[in-house]
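I have placed the structure first, in the form of structure tokens, so that the comments after it can refer back to it.
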Amino acid sequence: CTDRDEPGSIVEYCMKTTPTNGPDCNFTDDTEGFLERRKACLYRCIFGSADLNMFAINNEGVAFTSPLTASQYRKTPFLDHRSLEHGIGACRYSVQTTQLQDLARWGDGKSHYQVGEGLNFVFHMGHTGSTLLSRALGEIEGTRILREPPLLSWLAESMPGVDDEGLATVWRSMALPWLSRRYYATERIIVKVKSSALRFLRPAIKQSKAS
């Protein structure tokens with residue numbers, strides 16, 4: 001793991017956890033076609049499973065991630081910095097959200113699951129028992145709960161002047177692929193959405209359906 005105060009690059013994580021079910025991730029390879037092979041490895045590493053949780057995004061659009069297993073997703077009450085104590089909090093990796101978006105676009109149609117399929121939402125007001133409800137839903141076999149993903153809150157706060165079509169583009173090209181990551185194709189994902197994130201989600205999903 002890298003130093004707590006200076007997260008390593010997400011590429012370092014992928015080099016340490018070379019996917020065994022995809023192409024060989026040789027990041028020192030510079031032969032013909034290596035850029036495509038590198039993208040394939042990174043896509044398989046980042047979007048091929050849900051093992052990395054995005055717990056924060058700064059004002060420059062840099063996302064900070066940390067490993068979180070399926071059982072640790074179940075234990076953590078929220079996916080922000082409070083998730084670190086339930087996962088491998090000493091291991092932290094950073095990546096530009098624009099790079100994630102580019103990689104998700106490149107991988108469109110290449111994953112072992114259908115992006116968006118089996119993805120459900122719990123919308124709520126504050127202090128209405130939504131956390132208790134999400135815990136109950138998480139007990140259903142084959143279901144994993146994402147409790148208030150920081151990515152959605154960050155998008156709501158950082159895109160106040162973007163029109164609905166722009167919001168829908170970001171939804172389809174980055175947010176939806178990230179939320180859809182799963183451990184197996186039939187896993188059902190339920191996203192408990194922070195109320196403030198509705199400023200982004202409502203117009204983004206509505207416009208996506210209309211497009």
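Computed over heavy atoms, backbone and side chain alike; hydrogens, waters and symmetry mates excluded. The model shown is predicted, which means the values in this text are computed figures rather than measured ones.
Distance alone, capped at 3.5 Å, is enough to place a donor-acceptor pair between the T65 side chain and the Y93 backbone. Under the 3.5 Å distance criterion, the side-chain polar atoms of E187 are matched with a main-chain donor or acceptor of Y183. In this structure a side-chain-to-backbone donor-acceptor pair under 3.5 Å is present from R74 to G138. Here the side chain of T76 pairs no donor or acceptor atom with the backbone of H86 at under 3.5 angstrom. The main-chain N or O of S180 is found under 3.5 Å from a side-chain atom of R182 such that the two form a donor-acceptor pair. A distance-only check finds a donor-acceptor pair linking the side chain of K110 to the backbone of W106 [under 3.5 Å]. Listed for the R105 side chain is no donor-acceptor partner under 3.5 Å among the backbone atoms of D102. Between the side chain of R188 and the main chain of E117, no donor-acceptor pair closer than 3.5 Å is present. Put simply, the side chain of Y73 gets close to the backbone of A50: a donor and an acceptor are under 3.5 Å apart. Judged by distance alone, with hydrogens and angles left aside, the side-chain atoms of S83 form a donor-acceptor pair with the main-chain N or O of D80 at under 3.5 Å.
Taking all atoms of both residues into account, the shortest heavy-atom contact from C91 to S66 is O-OG, 2.8 Å. The shortest non-hydrogen separation linking W154 to N58 is NE1-O, 3.5 Å. Contact detail for G166 and M159: the closest heavy-atom pair is O-CE, 4.5 Å. Minimum interatomic distance between A175 and L155 (heavy atoms only, all atoms of both residues): CB-CD1, 3.9 Å. Across every non-hydrogen atom of L176 and G116, the tightest pair is CD1-CA, 3.9 Å.
At a threshold of 4.5 Å between non-hydrogen side-chain atoms, the residues V62 and V95 do not count as touching. Side-chain contact between V122 and V193: absent, with no pair of heavy atoms (C-beta onward) separated by less than 4.5 Å. Residues I57 and F64 are not in side-chain contact: their nearest non-hydrogen atoms beyond the backbone lie 4.5 Å or more apart. Looking only at side-chain heavy atoms (C-beta outward), V191 and L152 come within less than 4.5 Å of each other. Residues N120 and I189 form no side-chain contact, since every pair of their non-hydrogen atoms from C-beta on lies 4.5 Å or further apart. Looking at heavy atoms from C-beta onward, L52 lies in side-chain contact with P67 at the 4.5 angstrom threshold. Residues K192 and L146 fail the side-chain proximity criterion, which asks for heavy atoms closer than 4.5 Å. In this structure the side chain of I190 never reaches within 4.5 angstrom of the side chain of F121, judged on heavy atoms.
In this structure Y43 satisfies the ring-ring contact (aromatic ring centres under 6.0 Å, His included) test together with F47, sequence neighbours excluded. For D51, the salt bridge (charged side-chain N to carboxylate O under 4.0 Å, His left out) test picks out no residue, with sequence neighbours left out.
Taking the ring axis of F78 as reference, the NZ or CZ atom of R147 does not stay both within 45° of it and closer than 6.0 Å to the ring centre.
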Worksheet entry | Residue pair T98, Q101: steps toward the side chain to side chain donor-acceptor pair (under 3.5 Å) verdict | CA-CA 5 Å; T98 52; Q101 185 175 22; over 6 Å; no
Fill in: Test log, rule disulfide (SG to SG under 2.5 Å), inputs C14 and C41
CA-CA 8 Å; C14 293; C41 290; over 6 Å; no
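To the nearest 0.5 Å, atom CG of residue L79 and atom CG of residue L68 are 7.0 Å apart. Rounded to the nearest 0.5 Å, atoms CD (E148) and OG (S195) are 7.5 Å apart. A distance of 15.5 Å separates CZ in F123 from NZ in K194, rounded to the nearest 0.5 Å.
Checked by atom type, the side-chain pair T31/R37 shows a donor-acceptor distance below 3.5 Å.
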